[in-house]
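Here the structure is laid out as C-alpha cells; the discussion comes afterwards.
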Amino acid sequence: MQYFTVFKNASYQTFARVLTSGRGFLLAVILARSFGAEGYGDFIKITSFVVLFFLFCDFGINAIFLQQKDSEKKFREFLYLRLAMALGLFLLANVISFFLPYDSNLGVGFSSFIKLGILIYSLELFIQSILVSTNAVFQKRLRYDFLMKSSAIGSLLSLILVFISASFQQSLHVIISALIFADLVAAFFSLLFVKEKIFPVKFDIGLTKELLKKSFPLGMVLVFNLIYFRIDTLIIAAFRSSGEVGIYGLAFLFFDFLLALPLFISNSIYPLLLAAKEKRDQFLKLTRSYFLIYLGLSFIVMIPFWFVSPLFNFINPQFQGAIAPFRILLLSLPFFFLTSFLQWILITFKRTGYLMVVYFTSMCLNVLLNLIFVPEYSYMAAAAITVISEALVFALLFYKVLSLKKWIKE
C-alpha cells in the first residue's frame, strides 16, 4: 500500500510534468523553426535569468511548513509571505538586469530587447509563489492529482495561445506574455483546489520569522544548487553567441525534463521518511529500497535517450550541435537521481547545515570551472562541468548518509 501511494502520487507529478514540458517542447520547436538558434538563444537568456530567482520564492519553506502541526490552517499567512517575497524578488531581478552588459558589435550579452523580456517574464515570480504554496498543501494531503489538473488546464491554454501567437508571427515578448497568462490561470485553479480561505489579506509576523529562520539553511541549499545548476547558461550568454546559448538551452531543456522524475518520487517519499524517522528498521529498509530504485531508474532513463538524441535534427538542422552536450549531460543522471534522494534523507534528520556547505562548495567549483573553460570551449565544457559537479555532490552526501545508523540511535 505504501509503495502504491508513492507510485500514484509520483505518477500524478510525472504526468503534470509531461504536460508542462510538452508545452516547453512545443515552444522550443516553434522558436527553433521560426527564429533559429539565435532567437531561441534570446529566449533562453530571458528565462534562465529569471529562473535564478524562482527558488528564492521557495527557499525551502515548504519542507518546514509541512513539519508544523495544523499547517493547512495557516495557508493564508503562508501564501502572503510568499507573495511579499515575490515582490522583493521582482524588484531585485529588474534592478540587476538593468546593469547586465551587452556588446552590440559582437552581439554578446543582454540587449535592451532581452532586458524588456526579463521585465515581462519576472511577473512569473508572483505566479510561482502561488503554485509553490499550493503544492505544499497537495504534498501534505498527498493529492498531487490536483497538481496534475491545474497543470493540464494551464498547459492546454498555453498551447492554444502560443499557437495563435506563432500563427500571427508575434514577437518573443508576446509569446512570453501568453505563457504568463496561462500560468496565472493554472495558479487560480490551484487555489480553488486547495479550498482554503485567502481573503482578507493577513500576515503573521511570528510565523514569518519562524519559517524564514528554520528554512534558511535549506533555502540556501536550494539557492546554491540552482546557481550551480543554471550558471553555465548565463556564463555562455556572457561570453558566447546567442546561437550557442540556444543550442545548449535546447539540450538542457530535454535533460531538465528527465531530472523531474527523481524529484517527484522524493516529494512523495518525504512524508514517509518523516513518519518512519523514529523506527530504525523501517527507516533503513525504506532508504535501502528506494536507493536501488533510484539507481535503476537512472539507467532506464539514460540509455534510450542516448540513442534518440539525434532527433534534435528534426527540430531544426541548426540544433545538430545539441546532440553532444546532451549525451554528456546524460552521464550525470545517476548522480542527480541519487542525490535527489540523499538530500531528503538529510533534510529529514535536519542536517541542512551540511547540505548548505556541500552545495556552496559545488557552486563555487562549478562557477570557477565555467569561468575558466566556457569562454574557450563553450557548451561542451559546461556539460562536462555539470557531470563533475554533481559527482562531487553525490560523493559528499553519500559519505554523510553512511552515518545514518548513528543518527537513528540518537
Notebook entry, point to check: With a 3.5 Å cut-off and no angle check, do the side chains of Q318 and Y40 form a donor-acceptor pair?
Noted result: no
Note to self: If only side-chain N and O atoms count, and only distance matters, is there a donor-acceptor pair under 3.5 Å linking D232 with Y379?
What the structure shows: no
Note to self: My understanding is that only residues two or more places apart in sequence, or in another chain, count here; which of them pass salt bridge (Lys or Arg N to Asp or Glu O under 4.0 Å) with R240?
What the structure shows: E244
Does [X] use its side chain to pair, donor to acceptor, with the backbone of [Y] at less than 3.5 Å?
{"X": "K115", "Y": "L100", "result": "yes"}
{"X": "S309", "Y": "W306", "result": "yes"}
{"X": "H173", "Y": "I114", "result": "no"}
{"X": "N366", "Y": "S362", "result": "no"}
{"X": "S48", "Y": "K45", "result": "no"}
{"X": "S332", "Y": "I328", "result": "no"}
{"X": "S155", "Y": "A152", "result": "no"}

Contact between [X] and [Y] at the side-chain level, heavy atoms closer than 4.5 Å - yes or no?
{"X": "L329", "Y": "V387", "result": "no"}
{"X": "T361", "Y": "V393", "result": "no"}
{"X": "L295", "Y": "F337", "result": "no"}
{"X": "V95", "Y": "F90", "result": "no"}
{"X": "L119", "Y": "S97", "result": "no"}
{"X": "I96", "Y": "F49", "result": "yes"}
{"X": "V174", "Y": "F168", "result": "no"}
{"X": "Q343", "Y": "Y359", "result": "yes"}

Do you know which two heavy atoms are closest between [X] and [Y], and how far apart they sit?
{"X": "L179", "Y": "S158", "answer": "CD2-CB, 4.0 Å"}
{"X": "E38", "Y": "G243", "answer": "OE2-N, 3.2 Å"}
{"X": "A86", "Y": "F126", "answer": "CB-CD2, 3.8 Å"}
{"X": "L396", "Y": "Y354", "answer": "O-OH, 2.7 Å"}
{"X": "A251", "Y": "F326", "answer": "O-CD1, 3.4 Å"}
{"X": "V50", "Y": "Y121", "answer": "CB-CD2, 3.5 Å"}

Gap between atom [atom2] of [Y] and atom [atom1] of [X] - 0.5 Å precision:
{"X": "I61", "Y": "L81", "atom1": "CD1", "atom2": "CG", "answer": "5.0 Å"}
{"X": "L330", "Y": "F299", "atom1": "CG", "atom2": "CZ", "answer": "11.5 Å"}
{"X": "T47", "Y": "F54", "atom1": "OG1", "atom2": "CZ", "answer": "8.5 Å"}
{"X": "L368", "Y": "I231", "atom1": "CG", "atom2": "CD1", "answer": "12.5 Å"}
{"X": "F398", "Y": "F335", "atom1": "CZ", "atom2": "CZ", "answer": "12.0 Å"}
{"X": "M85", "Y": "L212", "atom1": "CE", "atom2": "CG", "answer": "6.0 Å"}

Next item on the list: Go through the steps for L184 and L123 under the test side chain to side chain contact (heavy atoms under 4.5 Å, CB included), then give the verdict.
Entry: CA-CA 10 Å; L184 181 62; L123 293 171; over 6 Å; no
Checklist line | Neighbour count above 12 (heavy atom, 6.0 Å) for F181 CZ | finding: no
Next item on the list: Determine, step by step, whether F305 and V308 satisfy the side chain to side chain contact (heavy atoms under 4.5 Å, CB included) criterion, reporting the C-alpha distance in whole Å, the side-chain angles of both residues, the deciding distance to 0.1 Å, and the verdict.
Entry: CA-CA 5 Å; F305 276 93; V308 302; 4.1 Å; yes
Next item on the list: Verify the ring-centre separation between F193 and F146: is it less than 6.0 angstrom?
Entry: yes
Margin query: Please report whether the ring centroid of F312 lies less than 6.0 Å from that of F319.
Written below: no
Next item on the list: Before giving the answer on ring pair (Phe, Tyr, Trp, His ring centres under 6.0 Å), spell out for F341 and Y294 the whole-Å C-alpha distance, their side-chain angles and the decisive distance to 0.1 Å.
Entry: CA-CA 8 Å; F341 179 51; Y294 275 82; 5.0 Å; yes
Next item on the list: Determine the sole option in S151, S150, S133 for which the side chain to side chain donor-acceptor pair (under 3.5 Å) test with S190 is passed.
Entry: S150
Margin query: Please list all pairs meeting salt bridge (Lys or Arg N to Asp or Glu O under 4.0 Å) that have one or both residues in residues 172-194, counting only residues at least two apart or in different chains.
Written below: R23-D183
Next item on the list: Please test F373 against F239 for ring pair (Phe, Tyr, Trp, His ring centres under 6.0 Å), starting from the C-alpha separation and ending with a verdict.
Entry: CA-CA 11 Å; F373 294 105; F239 291 99; over 10 Å; no
Checklist line | Worked verdict on F188 versus L191 for side chain to side chain contact (heavy atoms under 4.5 Å, CB included) | finding: CA-CA 5 Å; F188 172 76; L191 288 172; 5.7 Å; no
